[in-house]
Amino acid sequence: MIYHRDLKKNIRNEVSLKGSRKESQSWLPHFLAAAIGVSLLGVVLAATQDPAPRQRLDVSVAQELKTVASAPIAAQPTQADDWVDYTIQPGDSASVIFDKYQIHRALLELNEIPLVKKVLANIHPGKTLSMKLGWNGLQELKYPLSETRHLTVTRAGDHFSAKTIEKPVEVRRLSASGVIDSSLFLAGKRAGISDSLIMQLVGIFAYDIDFALDIRQGDRFDIIYDERYADGKPLKKSGPILAARFTNRNKTYTAFRFTDKNGKTGYYDDEGRSNRKAFIRTPVKFSRISSFFNPKRKHPILHTIRAHKGVDYAAPIGTPVKTTANGTVRFVGRKGGYGNVVVIKHFGGYSTLYAHLSKFKKGLKRGKRVKQGDVIAYVGKTGRATGPHLHYEFRVNGKHKDPLKVRLPNAPSLAGGDLSAFKAQTQPLLVQLKTLSSSQLATIE
Ligand SMILES: [Zn+2]
């Protein structure tokens with residue numbers, strides 16, 4: 001097992017960061033909850049949700065905080081006796097609950113306020129409905145809408161008034177390091193960071209490191225990230241990661257989060273090169289490759305020598321087909337032996353073609369812009385096809401290349417004003433990351 005050699009050091013690290021928090025700490029409304037710029041991450045996240053209850057492994061400051069965060073959000077009414085905290089049960093409706101407390105009349109009045117009506121119609125089991133009851137029925141009501149927002153209703157004379165209240169959110173800049181012993185997730189737990197933060201880390205380096213196959217004992221990560229707090233407690237969603245370093249089999253990768261002048265957020269290395277490839281290798285989830293790129297293939301139907309200028313991916317009819325890179329739709333329709341086909345033009349003279357499709361994504365038409373990973377059509381066997389498969393072609397300046405072997409270009413690097421802004425912004429993070437990664441992590445048995 002591996003852990004931070006000494007807890008004090010851990011704390012010292014935090015304290016020293018606190019010292020530099022003047023710039024980094026800010027109060028943000030919760031809706032600025034920074035969206036994650038890596039579109040891939042969503043996919044990875046969805047695929048690997050870990051429902052296992054969080055275990056407390058090592059005692060560390062961050063771990064303590066995390067444990068607090070995973071506790072259900074308790075409504076915090078006054079300690080007066082007339083407040084009732086009701087935990088909503090499965091099958092409960094507002095009507096059932098209000099009947100239970102004999103305040104059904106109040107519900108009729110509350111339903112006059114559209115916002116309250118909507119909230120009460122969508123109450124969730126496990127959440128707490130807090131009600132202040134008086135001699136003439138309901139006086140006040142509170143219901144959490146999110147971790148940082150709740151609805152509050154108060155009686156004012158003979159009617160109710162409602163408002164939503166936002167808690168101020170404080171952003172703290174934190175850091176963590178880990179060395180992998182058995183798994184990345186365990187290393188993350190030992191470092192006191194959430195699974196969601198680990199998944200962000202995976203998303204950031206997914207183009208360079210195959211996390212299923214390449215991870216080795218001794219690999220190390222260092223991250224600097226933001227954690228948002230309300231009432232002194234961290235919110236469930238961690239991040240974003242601002243800077244990360246990952247050493248995999250002695251090769252070190254670095255990434256910094258940056259939002260360019262067009263508002264696009266991504267991760268770049270210290271030279272401003274994107275961490276993403278412009279293309280994903282495979283446009284479809286396939287069962288096998290039924291035909292390879294072959295300039296001298298005998299055609300299975302025509303029985304003549306005809307080059308096979310793409311790759312055939314066997315997959316069931318209806319399997320979604322994704323565009324492998326950002327681009328613009330050049331052609332959607334039927335074209336001879338290709339059957340239903342989509343052609344997409346990408347930056348820098350690249351284009352891709354997807355053939356034998358059963359149908360197109362609704363709304364797809366010439367000139368439409370598409371993003372890497374967007375579904376554009378579905379596998380079929382239209383045109384000259386012996387069975388359901390996707391025929392995929394990859395062209396560079398009009399010349400066919402083997403989609404399985406072509407060197408995939410990186411997404412565009414930062415340039416001009418973006419690059420200088422990036423350098424200025426990431427310089428302090430780079431220094432911090434270097435210090436962090438030179439700190440010793442010891443091994444215990
Ligand atoms: Zn083919």
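Ligands are counted one by one from 1 in listed order, and the atoms in each one are counted from 1 as well. The structure presented is a predicted model; accordingly, all values stated were derived computationally and were not measured. This chain uses plain numbering: 1 for the first residue, then up along the sequence.
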Give a yes or no on whether the ring-centroid distance for [X] and [Y] is below 6.0 angstrom.
| X | Y | answer |
| --- | --- | --- |
| His389 | Phe286 | no |
| Tyr354 | Tyr392 | yes |
| Tyr267 | Tyr207 | no |

Practice prompt. Before giving the answer on ring pair (Phe, Tyr, Trp, His ring centres under 6.0 Å), spell out for Phe293 and His400 the whole-Å C-alpha distance, their side-chain angles and the decisive distance to 0.1 Å.
Written response: CA-CA 9 Å; Phe293 183 80; His400 287 89; 7.4 Å; no

Fill in: His356 N/O/S atom closer than 2.8 Å to the Zn ion (ligand 1)
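No, since none of the N, O or S atoms of His356 sits under 2.8 Å from the Zn ion (ligand 1).
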
Worksheet item: N/O/S of His389 less than 2.8 Å from the Zn ion (ligand 1)?
Response: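 No - counting backbone and side chain alike, His389 has no N, O or S atom under 2.8 Å.
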
Discussion item. If you count every heavy atom of other residues, nucleotides or ligands that lies below 6.0 Å from Arg249 atom CZ, does the total exceed 12?
Written reply: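 Yes, the 6.0 Å shell around CZ holds more than 12 heavy atoms from other groups.
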
Just give me the atom name: the N, O or S atom of [X] closest to the Zn ion (ligand 1).
| X | value |
| --- | --- |
| Asp312 | OD1 |
| His391 | ND1 |
| His308 | NE2 |

